[in-house]
Amino acid sequence: MKRIKIIGTGSFLPEKVLTNFDLEKMVDTTDEWIMKRSGIRERHIASENQATSDLGFEAAKQAIENAKIDKNTIDCIIFGTVTPDTLFPSTAIYVQKALGIPGIPVFDISAACSGFIYGLAIAQGFINSGAYKRILVMGGETLSKVTNWEDRSTCVLFGDGVGAAVVEESNDDSGIISIYLGADGNMENLLCQPAGGSRIPATEESVKNKLHTIHMDGNEVYKHAVNTMAQAATKALELAGISGNDVTHFIPHQANIRIMETTAKFVDIPREKVFVNIDRTANTSAGSIAIALDEMNRKGMLKKGDIILIDAFGAGFTWGSAVIRW
Ligand code: UT7
């Protein structure tokens, strides 16, 4: 099995920031409630004319620059998102167009918050098969576009942003040591955007009933997230033949600080090793881990040989975890 490694990262958060205090003026909530229950202080919100691929293009440019490669050497783009620019064509198509690299295969994957880790796994498979050598793996959203801004139980939780990573075959012992993925469709109704697809196409009524926005049973999702993220992380560590003690940095999906801390405890990773940016980004779904990785990379927090555990859980349910040697 060839090992693949990340050779460059990028991310982009839209300029506009919406704070908890701004939300206090929009719905019946408080900064204190949001901070205490989720760890979120503020989130970035795309402008009216910014679609997911626009954020993606900026993140992709940064990742290419960070990898110090010629964009023409990229031979595939994989984009994890549940807030595509259009239902078709894919968001990856718009990124490809903006980058000006036509001809290579590009596509989206719909795995919600696990989208970036699913993307890494697909890239690993492609590179191992010999099909492609250098792949741009992206993840991110403009969740603000599908948020019900009158529903306080969801509108305080999400944010916009995209992260990107260039991956290729590793020539040393760095790279992805293990990846574990899973899904369970039995609870698809606990977190979803009900309308806009073939089940409930857009009608006046579907719009009126806000079926084109995020619907979530927060309590139920919370319970599953805690258990599943703990199990997924355990499995990825096992597959890598290491324990929580060996981990230098833990990057859990940034959905709720309480879920992140509980998961870390379960796999014996001390709090100071858990990377947290949820206070500034909120939950960016497929963007979460890719954005965090880029932030750490840019801040010089990632040193050669560091062991990084990433771990995600999202709508579907889907989940995924991976161990990476930097
Ligand atoms: O990315 C995919 C994965 N997503 C997640 O992992 C999210 C999982 N869920 C969560 O993170 C948490 O369940 C929430 C942060 C969404 C909610 O926290 P909670 O501690 O589970 O609160 P709750 O839903 O049990 O609500 C407690 C109370 C309720 O009032 P009553 O019934 O006790 O009177 C809610 O109506 O808080 C109320 N509430 C709010 N109050 C102020 C709900 N939303 C708000 C709000 N501001 N924004």
Side-chain angles (χ1 to χ4, degrees), residues 18-43 80-83 110-118 139-144 146-163 181-185 187-193 213-233 251-264 266 274 276-279 281-292 310-321:
L18 187 73
T19 67
N20 291 349
F21 296 106
D22 296 326
L23 281 162
E24 283 184 358
K25 295 177 200 132
M26 296 162 63
V27 287
D28 181 14
T29 193
T30 59
D31 170 58
E32 195 198 348
W33 190 95
I34 304 170
M35 265 310 282
K36 201 163 146 215
R37 301 287 176 130
S38 70
I40 299 165
R41 193 179 297 283
E42 58 189 36
R43 69 286 293 138
T81 187
V82 290
T83 46
S110 175
C113 307
S114 315
F116 181 67
I117 302 183
Y118 268 59
E141 315 284 353
T142 46
L143 288 165
S144 64
V146 294
T147 294
N148 177 354
W149 291 105
E150 290 165 7
D151 175 12
R152 70 173 183 173
S153 71
T154 55
C155 76
V156 302
L157 301 174
F158 301 101
D160 298 338
V162 175
L181 303 179
D184 184 353
M187 285 150 289
E188 41 75 22
N189 58 330
L190 294 180
L191 176 49
C192 60
Q193 181 188 322
T213 60
I214 299 167
H215 287 239
M216 178 168 77
D217 180 339
N219 283 135
E220 279 304 307
V221 174
Y222 186 98
K223 282 183 229 155
H224 288 284
V226 167
N227 287 327
T228 311
M229 281 184 66
Q231 273 156 29
I251 312 179
H253 169 46
Q254 313 276 315
N256 185 314
I257 190 74
R258 292 180 290 145
I259 299 175
M260 293 153 65
E261 289 176 352
T262 311
T263 307
F266 189 89
V274 182
V276 178
N277 65 3
I278 188 174
D279 51 325
T281 63
N283 181 350
T284 57
S285 182
S288 159
I289 288 169
I291 293 167
I310 59 176
D311 191 15
F313 174 85
F317 293 132
T318 62
W319 55 88
S321 184

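When a ligand or atom number is given, it counts from 1 through the structure's own listing order. When a residue number appears, it is its place in the shown sequence, counting from 1. Just so we're clear, the structure is a prediction, and the values are computed from it rather than from any experiment. Values below: all heavy atoms of this structure, side chains included; hydrogens, waters and symmetry mates excluded.
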What is the minimum heavy-atom distance between [X] and [Y], and which atoms define it?
| X | Y | result |
| --- | --- | --- |
| Ala112 | Gly314 | CB-C, 4.3 Å |
| Gly163 | Ile291 | N-CG1, 3.8 Å |
| Met229 | Pro252 | CE-CB, 3.8 Å |
| Gly80 | Ala286 | O-CB, 3.3 Å |
| Gln254 | Asn277 | OE1-N, 2.9 Å |

Does ligand 1 have any atom sitting under 4.0 Å from a heavy atom of Cys113?
yes
Can a non-hydrogen atom of Ile259 be found less than 4.0 Å from any atom of ligand 1?
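The answer is yes, since Ile259 has a heavy atom less than 4.0 Å from ligand 1.
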Once you measure the plane-to-plane angle for Trp319 and Phe313, does it fall in the parallel (<30°), tilted (30-60°) or perpendicular (>60°) bin?
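Trp319 and Phe313: parallel rings.
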Those atoms of ligand 1 less than 4.0 Å from some heavy atom in [X]:
| X | value |
| --- | --- |
| Asn256 | 10 (C), 11 (O), 12 (C), 15 (C) |
| Leu157 | 15 (C), 16 (C) |
| Ala255 | 1 (O), 5 (C), 6 (O) |
| Phe313 | 2 (C) |
| Val221 | 3 (C), 4 (N), 5 (C), 6 (O), 8 (C) |

Region of [X] engaging ligand 1 - heavy atom pairs below 4.0 Å:
| X | answer |
| --- | --- |
| Val156 | side chain |
| Leu191 | side chain |
| Val27 | neither |
| Tyr222 | both |

Per the side-chain contact (heavy atoms from CB on, under 4.5 Å) rule, which among Val146, Thr83, Asn283 passes with Glu141?
Thr83
Should one rank Arg258, His253, Arg152 by closest heavy-atom distance to atom 36 (O) of ligand 1, which comes out on top?
Arg152
Nearest heavy atom to atom 24 (O) of ligand 1 wins, so pick from Thr284, Leu23, Asn219.
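That would be Asn219.
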Which residue in the set Asn20, Thr284, Thr281, Asp160 passes side chain to side chain donor-acceptor pair (under 3.5 Å) when paired with Arg43?
Asn20
List the steps and the verdict of side chain to side chain contact (heavy atoms under 4.5 Å, CB included) for Ile117 and Ile289.
CA-CA 8 Å; Ile117 302 183; Ile289 288 169; 3.8 Å; yes
Closer than 4.0 Å: a protein non-hydrogen atom to [atom]:
| atom | answer |
| --- | --- |
| atom 29 (C) of ligand 1 | no |
| atom 21 (O) of ligand 1 | yes |
| atom 32 (O) of ligand 1 | no |

Considering only heavy atoms from C-beta outward, does the side chain of Leu190 approach that of His224 to under 4.5 Å?
yes
Before signing off on this row, confirm whether Met216 and ligand 1 have an N or O atom pair separated by under 3.5 Å.
no
